[in-house]
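The sequence lines fix the lettering, A, B, ..., with proteins before strands; numbering per chain opens at 1.
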2 protein chains.
Amino acid sequence: MAPQDDVRREVALLLRRLNVELDAVGQRFAHLHGLNRTDVRALVAIMDATRRGEPMTPGRLGEAVELRSASVTALVDRLERVGHLRRIRDDVDRRRVVLEMSDSAMAAGGEHFGGLAADLAAAMEGYDDEELAVVHRFLLDMTDVVTRHARES
Amino acid sequence: MAPQDDVRREVALLLRRLNVELDAVGQRFAHLHGLNRTDVRALVAIMDATRRGEPMTPGRLGEAVELRSASVTALVDRLERVGHLRRIRDDVDRRRVVLEMSDSAMAAGGEHFGGLAADLAAAMEGYDDEELAVVHRFLLDMTDVVTRHARES
DNA sequence: CCTAATCTCTCGATGATCGAGATTATCGAC
DNA sequence: GTCGATAATCTCGATCATCGAGAGATTAGG
């Protein structure tokens with residue numbers, strides 16, 4: 001066994017641990033705002049899509065969070081009821097509904113996850129350009145491997 | 001804005017993307033075996049604890065996956081019914097029940113997640129000792145920050 | 001031995017999710 | 001135009017995961 005195999009195993013364990021803790025952050029946000037896991041995943045998906053300039057619809061949201069249309073309707077009803085988003089009929093294709101996050105939801109998300117992002121950025125101060133490049137390449141590689149496993153058959 | 005801020009933002013995004021994809025792997029495993037997310041989290045928690053030599057009990061499991069005792073009973077019932085684990089009364093403290101994973105469940109988990117672990121290890125071949133050390137330190141730092149956020153108040 | 005504390009389980013209620021199908025809107029062919 | 005096919009969303013009834021409250025069993029400490 002190569003001497004760096006220990007490090008490899010530790011790195012793999014750290015990836016999983018990081019995953020668990022990131023989930024815990026999401027869960028904490030959910031609990032603080034009276035939401036469940038799915039609701040948070042949905043809000044994040046909507047926020048991401050909106051940020052990319054692709055308006056979110058119930059159909060796309062269902063794909064993103066892996067729910068059937070009936071469940072998406074219930075999900076959107078929930079979030080709309082507590083004021084986190086609005087349904088807006090698309091004028092171009094009037095079958096479609098565009099989901100728009102409310103300012104309050106954006107603010108809440110920004111405060112919670114923005115704080116985390118800032119702390120992560122701060123922690124990255126301890127790395128120079130070269131080291132960050134290594135980390136970047138590493139994360140790309142790992143994400144690639146994991147994505148392949150997530151999509152298989 | 002410093003020139004490496006772009007890299008920092010990208011690294012943060014990659015961390016989140018990795019989180020999403022790792023969840024997807026878990027979800028895929030769950031779907032393949034007729035389980036739900038919680039069931040998989042529970043099996044992983046039991047496997048980890050067992051590997052550390054700390055026998056898992058319903059109480060500890062409830063803390064690990066954040067469920068009330070009533071839900072843990074239902075969860076263990078489900079997993080026991082499909083043969084993924086056994087309840088064993090502890091002879092020392094007879095109030096306690098020790099949860100033991102079945103060989104079939106261990107094998108299924110090993111096949112699915114072991115394959116991923118092997119691919120991750122293979123991908124790490126592209127890094128020398130020094131680079132792996134940087135990655136290791138980075139993951140420790142990030143996990144630390146995230147854990148603090150997960151635990152806060 | 002009592003009493004309090006601990007661990008697990010039971011029961012009834014709530015709510016998230018699903019499958020099947022209804023509803024409304026768009027598109028292409030004629 | 002208008003008709004059938006397709007698409008996006010929603011409704012309904014059923015199922016099951018989760019919870020709160022509390023019961024039953026066991027242990028630990030005076």
Side-chain angles (χ1 to χ4, degrees), chain A residues 23-24 26-46 49 54-82 84-100, chain B residues 23-24 26-46 49 54-82 84-100:
Chain A
D23 277 352
Q27 178 137 358
R28 191 169 110 80
F29 176 79
H31 189 256
L32 277 175
H33 292 80
L35 304 172
N36 61 35
R37 244 174 246 271
T38 304
D39 295 348
V40 174
R41 288 216 300 158
L43 287 175
V44 168
I46 296 172
E54 304 168 1
M56 196 49 132
T57 66
R60 287 181 176 285
L61 181 58
E63 292 169 18
V65 301
E66 313 199 45
L67 287 181
R68 304 296 138 212
S69 71
S71 316
V72 174
T73 298
L75 164 66
V76 173
D77 282 350
R78 270 195 313 272
L79 293 177
E80 195 172 35
R81 201 176 312 125
V82 298
H84 284 344
L85 56 82
R86 281 188 299 273
R87 282 178 166 96
I88 299 179
R89 275 285 163 192
D90 188 345
D91 282 334
V92 181
D93 183 342
R94 294 177 32 71
R95 289 169 305 184
R96 307 176 105 212
V97 166
V98 174
L99 304 175
E100 198 180 273
Chain B
D23 277 351
Q27 178 137 359
R28 189 167 111 81
F29 177 79
H31 189 257
L32 277 175
H33 293 80
L35 305 172
N36 62 34
R37 244 175 249 272
T38 304
D39 296 347
V40 175
R41 288 215 304 157
L43 287 175
V44 169
I46 295 172
E54 303 169 1
M56 194 51 130
T57 67
R60 286 181 177 285
L61 182 58
E63 292 169 17
V65 300
E66 312 199 46
L67 287 181
R68 301 299 137 208
S69 70
S71 317
V72 174
T73 298
L75 164 64
V76 174
D77 283 350
R78 277 199 304 278
L79 293 177
E80 196 172 32
R81 202 177 311 123
V82 298
H84 284 343
L85 56 80
R86 281 189 299 274
R87 282 175 164 99
I88 300 179
R89 275 285 164 193
D90 187 343
D91 282 333
V92 182
D93 184 342
R94 295 178 35 72
R95 290 168 304 183
R96 305 174 108 209
V97 165
V98 174
L99 304 175
E100 199 181 270

(request) With DNA chain C as reference, determine whether B:R60 or A:D39 sits nearer its 5' end, using the nearest nucleotide of each. (result)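 The residue mapped nearer the 5' terminus is B:R60.
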(request) Find which nucleotide of DNA chain C each of B:T57 and A:V72 is nearest to by heavy atoms, and output the residue with the more 5' nucleotide. (result)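 Going by which nucleotide is closer to the 5' end, it is B:T57.
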Please report, rounded to the nearest Å, how far the [atom2] atom of [N] is from the [atom1] atom of [X].
X: A:L79; N: C:dA16; atom1: CG; atom2: C1'; result: 12 Å
X: A:M56; N: D:dA8; atom1: CE; atom2: P; result: 14 Å
X: B:D77; N: C:dC11; atom1: CG; atom2: C1'; result: 13 Å
X: A:L61; N: C:dT17; atom1: CG; atom2: P; result: 11 Å
X: B:R96; N: D:dA28; atom1: CZ; atom2: C1'; result: 14 Å
X: B:R68; N: C:dA13; atom1: CZ; atom2: P; result: 21 Å
X: A:E66; N: C:dA16; atom1: CD; atom2: C1'; result: 16 Å
X: A:D90; N: D:dT9; atom1: CG; atom2: P; result: 9 Å

(message) If you count heavy atoms of other groups shown closer than 6.0 angstrom to CZ of A:R78, is the number above 12?
(response)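 Correct, the count exceeds 12.
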Under 4.0 angstrom, heavy atoms only, what part of the nucleic acid is [X] near: base, sugar-phosphate, or nothing?
X: A:R37; value: nothing
X: B:R87; value: sugar-phosphate
X: A:L67; value: sugar-phosphate
X: B:V92; value: sugar-phosphate

Nearest to the side chain of [X], which nucleotide is it out of [options]?
X: A:R95; options: D:dA8, D:dC19, C:dA20; answer: D:dA8
X: A:S69; options: C:dC18, D:dC19, C:dG21; answer: C:dG21
X: A:T38; options: D:dT27, C:dT17, C:dC9; answer: C:dT17
X: B:T73; options: D:dA17, C:dT10, D:dT27; answer: C:dT10
X: A:R94; options: C:dT26, D:dA17, D:dA21; answer: C:dT26

(message) Check whether B:R89 reaches the backbone of B:R94 with its side chain - one donor and one acceptor, N or O, closer than 3.5 Å.
(response)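 It does hold such a pair.
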(message) Using heavy-atom distances to pick each residue's nearest nucleotide on DNA chain D, tell me which of A:A70 and A:D93 is more 5'.
(response)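 In this pair, the answer is A:D93.
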(message) For a quick test of reading the model, state the closest non-hydrogen atom pair linking A:V40 to A:A30 and the distance between them.
(response)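 So the minimum-distance heavy-atom pair works out to CG2-CB, 3.4 Å.
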(request) Applying side-chain contact (heavy atoms from CB on, under 4.5 Å), run through B:V76 and B:L61 and close with a yes or a no. (result) CA-CA 10 Å; B:V76 174; B:L61 182 58; 4.2 Å; yes
(message) Using side-chain heavy atoms (C-beta onward) and a distance below 4.5 Å, is A:V82 in contact with A:H33?
(response)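 Side-chain contact under 4.5 Å: no.
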(request) Would you indicate, yes or no, if D:dA17 has its OP1 or OP2 atom less than 4.0 angstrom from a side-chain nitrogen or oxygen of B:S71? (result)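 No, no such contact exists.
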(message) Between A:R87 and A:D77, does any NZ, NE, NH1 or NH2 come within less than 4.0 Å of an OD or OE carboxylate oxygen?
(response)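 Salt bridge: yes.
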